[in-house]
Amino acid sequence: MHQISRLRTGFVLIAVFSSSWLCGQTNSEGRQRAEKQLKQALEDSTSHNLVRQADFLILDTEAKAIAFAETVLFTSYGKKEILNQKPYEIHNIDNYWVIEGTLKEGWKGGTFLIIVRAKDCQVIRITHGK
């Protein structure tokens, strides 16, 4: 029985050391691998890429487009300022979301405008009138 206990202990130690050796990577190794992957992806976006950008829309609904736009706009202009411009005017034109704030009747001032490409969330334009 004592011999089985030693075997189990030895096996557990080997398993622990093996898994740390196999999985243990330093932060710099992971970063180097990530930098290499990024460089390859930017140089050749078609190689081993399952996403066909022409067919894949990230912002495929008004709700998703607004949620994304608000995240950007809240950071730029403040949450209260942007929410005061509801209801938003929103249009999808050729897979670009054009979203504008509105002013309440009798209010003066400007509103935001944000244009976002639906397939990759690239902000094409962001501005705010005065």
Side-chain angles (χ1 to χ4, degrees):
M1 184 73 154
H2 192 57
Q3 191 173 21
I4 292 174
S5 177
R6 275 194 220 160
L7 285 173
R8 283 185 190 155
T9 304
F11 177 73
V12 169
L13 289 175
I14 290 170
V16 169
F17 286 122
S18 296
S19 67
S20 3
W21 177 74
L22 290 172
C23 300
Q25 296 176 357
T26 65
N27 237 0
S28 64
E29 289 171 343
R31 181 168 176 92
Q32 288 172 349
R33 188 176 62 258
E35 288 171 350
K36 180 181 174 186
Q37 292 292 333
L38 174 61
K39 183 179 177 185
Q40 287 174 340
L42 294 174
E43 288 173 356
D44 182 7
S45 64
T46 61
S47 177
H48 300 290
N49 192 356
L50 296 177
V51 176
R52 291 181 30 196
Q53 290 297 324
D55 299 334
F56 188 79
L57 296 179
I58 295 171
L59 302 178
D60 57 351
T61 65
E62 282 188 10
K64 287 181 185 177
I66 288 171
F68 175 79
E70 284 181 334
T71 300
V72 173
L73 292 163
F74 291 172
T75 302
S76 301
Y77 301 111
K79 185 175 182 176
K80 184 178 177 184
E81 173 70 23
I82 298 305
L83 291 178
N84 279 334
Q85 296 178 40
K86 281 187 167 188
Y88 307 137
E89 239 183 76
I90 182 166
H91 305 279
N92 186 313
I93 302 169
D94 296 329
N95 292 321
Y96 288 86
W97 290 101
V98 180
I99 306 169
E100 295 180 85
T102 61
L103 286 178
K104 295 182 183 11
E105 194 171 322
W107 285 32
K108 293 185 181 184
T111 60
F112 73 84
L113 165 70
I114 186 168
I115 301 173
V116 181
R117 188 164 50 196
K119 72 177 182 177
D120 61 5
C121 298
Q122 181 179 356
V123 177
I124 305 301
R125 172 163 292 166
I126 181 172
T127 188
H128 198 295
K130 294 183 181 197

Exercise. What are the two closest heavy atoms between Cys121 and Ile58, and how far apart are they?
Worked result: SG-CG2, 3.8 Å
For this session: With side-chain contact (heavy atoms from CB on, under 4.5 Å) as the test, would you mind laying out the steps for Leu73 and Ile114 before giving the verdict?
Result: CA-CA 8 Å; Leu73 292 163; Ile114 186 168; 4.1 Å; yes
Seminar exercise, completed: Rounding to 0.5 Å, atoms NZ (Lys36) and CD (Gln32) come to a distance of 10.5 Å
Extract all donor-acceptor atom pairs below 3.5 Å that involve side chains of residues 76-85 and protein atoms in other chains or at least two apart in sequence.
unit_1 : atom_1 : unit_2 : atom_2 : d
Ser76  : OG     : Val72  : O      : 3.1
Glu81  : OE2    : Gln85  : NE2    : 3.2
Glu81  : OE2    : His128 : NE2    : 3.3
Asn84  : ND2    : Lys80  : O      : 3.2
Gln85  : OE1    : Phe112 : N      : 2.8
Gln85  : NE2    : Glu81  : O      : 3.3
Gln85  : NE2    : His128 : NE2    : 2.9

Seminar exercise, completed: One should read off an interatomic distance between Arg31 CZ and Leu38 CG, to the nearest 0.5 angstrom, of 10.0 Å
Exercise. CG/Asn92 to CD1/Ile90 distance, rounded to the nearest 0.5 angstrom?
Worked result: 8.0 Å
Exercise. Hey, are Lys39 and Glu35 close enough for a salt bridge, meaning a charged N less than 4.0 Å from a carboxylate O?
Worked result: no
For this session: Assess whether side-chain contact (heavy atoms from CB on, under 4.5 Å) is satisfied between Ile99 and Phe68, documenting all intermediate values.
Result: CA-CA 11 Å; Ile99 306 169; Phe68 175 79; over 6 Å; no
Exercise. Any donor-acceptor pair under 3.5 Å linking the side chain of Trp97 with the backbone of Leu59?
Worked result: yes
Problem set entry | Thr102 side chain to Pro87 backbone, donor-acceptor under 3.5 Å | yes
Exercise. Taking atom CG of Leu113 and atom CD1 of Ile126, what is their separation to the nearest 0.5 Å?
Worked result: 9.0 Å
